[in-house]
Amino acid sequence: MALDQTQQTFGIAELAREFGITTRAIRFYEDKGLLSPARDGQRRIYGPRDHVRLRLIMRGKRLGFSLDEIREMIDLYDVDPTEVSQLKLFIGKLQARREQLRSQQEDIAETLAELDRLETQSQDLLAERESRRGKSAR
DNA sequence: ATTCTGACA
DNA sequence: TGTCAGAA
């Protein structure tokens, strides 16, 4: 092992392309405290750590977590390398998210049911009017 | 050409 | 988060 090329860096445009997001989004995440790239003057230099964090951010988004929640989970990874408390929080977040989705699922089911009731009710009313028109129109 | 910051018909 | 501006 001569020289460990672990010092690989990424430019903002490069990361944006790799993750399919805009450079604006990447800077936005930084403003929210999820990313803290090094600087070369004004230019942002992203290292392996930022790359990993961005990957975690994208996964969190896919699961429906807010940026604040994602920041909480990721920050613990830094503070607690043992990952014990991080896993603890993560599990809690997953359960909360699952409950939230189930709650939404119930709301949707109720709305769907109400839609069905209204439709059948309207269909009946329509059928009734059409039959009456036939009789009184004579 | 690319990135940065700040602002918002 | 998009977009546009003005500067570096």
Side-chain angles (χ1 to χ4, degrees):
Chain A
M1 50 180 181
L3 299 175
D4 50 327
Q5 15 65 212
T6 276
Q7 302 146 35
Q8 54 183 316
T9 60
F10 309 79
I12 192 170
E14 192 180 350
L15 282 183
R17 274 186 283 97
E18 185 179 333
F19 289 94
I21 55 182
T22 62
T23 58
R24 174 71 173 87
I26 293 176
R27 298 193 188 95
F28 185 75
Y29 300 152
E30 182 181 337
D31 287 333
K32 295 303 179 183
L34 287 83
L35 252 32
S36 53
R39 294 276 186 162
D40 169 40
Q42 286 280 64
R43 282 60 170 47
R44 273 166 261 248
I45 303 299
Y46 301 86
R49 197 181 81 103
D50 298 302
H51 190 277
V52 171
R53 294 180 65 108
L54 190 48
R55 170 157 280 130
L56 293 175
I57 292 171
M58 298 312 284
R59 186 186 65 179
K61 285 189 56 184
R62 271 183 285 126
L63 294 177
F65 291 109
S66 69
L67 292 182
D68 284 325
E69 294 178 310
I70 294 173
R71 178 163 42 65
E72 279 187 82
M73 300 189 275
I74 295 180
D75 284 348
L76 260 67
Y77 185 86
D78 283 335
V79 184
D80 180 26
T82 72
E83 284 185 40
V84 173
S85 66
Q86 183 196 30
L87 287 173
K88 193 174 180 181
L89 172 67
F90 188 59
I91 291 173
K93 291 294 185 183
L94 292 180
Q95 301 180 323
R97 178 60 180 153
R98 185 179 295 125
E99 286 180 46
Q100 180 179 33
L101 285 174
R102 283 176 175 162
S103 177
Q104 290 182 293
Q105 191 169 52
E106 287 179 35
D107 291 339
I108 291 174
E110 287 179 36
T111 301
L112 249 27
E114 185 172 355
L115 249 27
D116 284 344
R117 290 200 297 279
L118 281 175
E119 180 171 358
T120 56
Q121 187 177 67
S122 297
Q123 291 288 21
D124 291 345
L125 189 57
L126 178 60
E128 184 188 313
R129 290 192 171 184
E130 292 185 318
S131 67
R132 286 190 176 183
R133 182 211 299 167
K135 298 178 181 177
S136 60
R138 187 181 305 184

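In what follows, chains carry the letters A, B, and so on, assigned in the order in which the sequence lines appear, proteins first and then strands, with residues in each chain numbered from 1. Just so you know, these numbers use all the heavy atoms, side chains as well, and skip hydrogens, waters and symmetry mates.
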Peer 1: Using side-chain heavy atoms (C-beta onward) and a distance below 4.5 Å, is A:Phe65 in contact with A:Leu94?
Peer 2: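 They are in side-chain contact.
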Peer 1: Measure from CZ on A:Phe10 to C1' on B:dT2 and round the result to the nearest Å.
Peer 2: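 One finds 19 Å between C1' of B:dT2 and CZ of A:Phe10, rounded.
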Peer 1: I'd like to know if A:Arg102 pairs up with A:Glu106 as an ion pair, taking the criterion as any Lys NZ or Arg NE/NH1/NH2 lying under 4.0 Å from an Asp or Glu carboxylate oxygen.
Peer 2: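 Here A:Arg102 does not pair with A:Glu106 in a salt bridge, since their nearest N and O are not under 4.0 Å apart.
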Peer 1: What integer distance in Å separates A:Tyr46:OH from B:dT2:C1'?
Peer 2: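 It is 13 Å, rounded to the nearest whole Å.
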Peer 1: To the nearest angstrom, how far is A:Leu15 atom CG from B:dT2 atom P?
Peer 2: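 Atom CG in A:Leu15 sits about 16 Å away from atom P in B:dT2.
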Peer 1: Please report the closest heavy-atom contact between A:Asp50 and A:Ile45, naming both atoms and the distance.
Peer 2: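 Heavy-atom minimum between the residues: OD2-O, 4.1 Å.
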Peer 1: Less than 4.5 Å apart, any side-chain heavy atom of A:Leu101 and any of A:Arg98?
Peer 2: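 A:Leu101 vs A:Arg98: side chains apart.
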Peer 1: Answer yes or no: does atom OH of A:Tyr77 have more than 12 heavy-atom neighbours from other residues, nucleotides or ligands under 6.0 Å?
Peer 2: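 Not buried by this count: 12 neighbours or fewer within 6.0 Å.
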Peer 1: Expected output check: what is the dot-bracket annotation of DNA chain C, where ( ) and [ ] are pairs inside the strand (brackets for crossing ones), | is paired with another strand, and pairs are Watson-Crick or G-U under 3.5 Å?
Peer 2: .|||||||
Peer 1: Salt-bridge test for A:Arg97 and A:Glu69: reply yes if a basic N is under 4.0 Å from a carboxylate O, no otherwise.
Peer 2: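 A salt bridge is absent here (no side-chain N lies under 4.0 Å from a carboxylate O).
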Peer 1: Let me know the distance between CD1 of A:Ile26 and P of B:dT2, rounded to the nearest Å.
Peer 2: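 So the two atoms are 15 Å apart, to the nearest Å.
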Peer 1: For nucleotides 3-8 of chain C, just jot down a letter per nucleotide in 5' to 3' order: B, S or -, based on protein non-hydrogen atoms under 4.0 Å.
Peer 2: B----B
Peer 1: Going by salt bridge (charged side-chain N to carboxylate O under 4.0 Å, His left out), A:Glu30 matches just one of A:Arg24, A:Arg39, A:Arg53, A:Arg71. Which one?
Peer 2: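 The single option meeting the salt bridge (charged side-chain N to carboxylate O under 4.0 Å, His left out) with A:Glu30 is A:Arg39.
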Peer 1: For A:Asp31 and B:dC4, what is the distance between atoms CG and P respectively, to the nearest whole Å?
Peer 2: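 It works out to 12 Å between those atoms.
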Peer 1: For A:His51 and A:Gln8, test the side chains for any donor-to-acceptor distance below 3.5 angstrom and give the result as yes or no.
Peer 2: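 A:Gln8 and A:His51 do not have a side-chain donor-acceptor pair below 3.5 Å.
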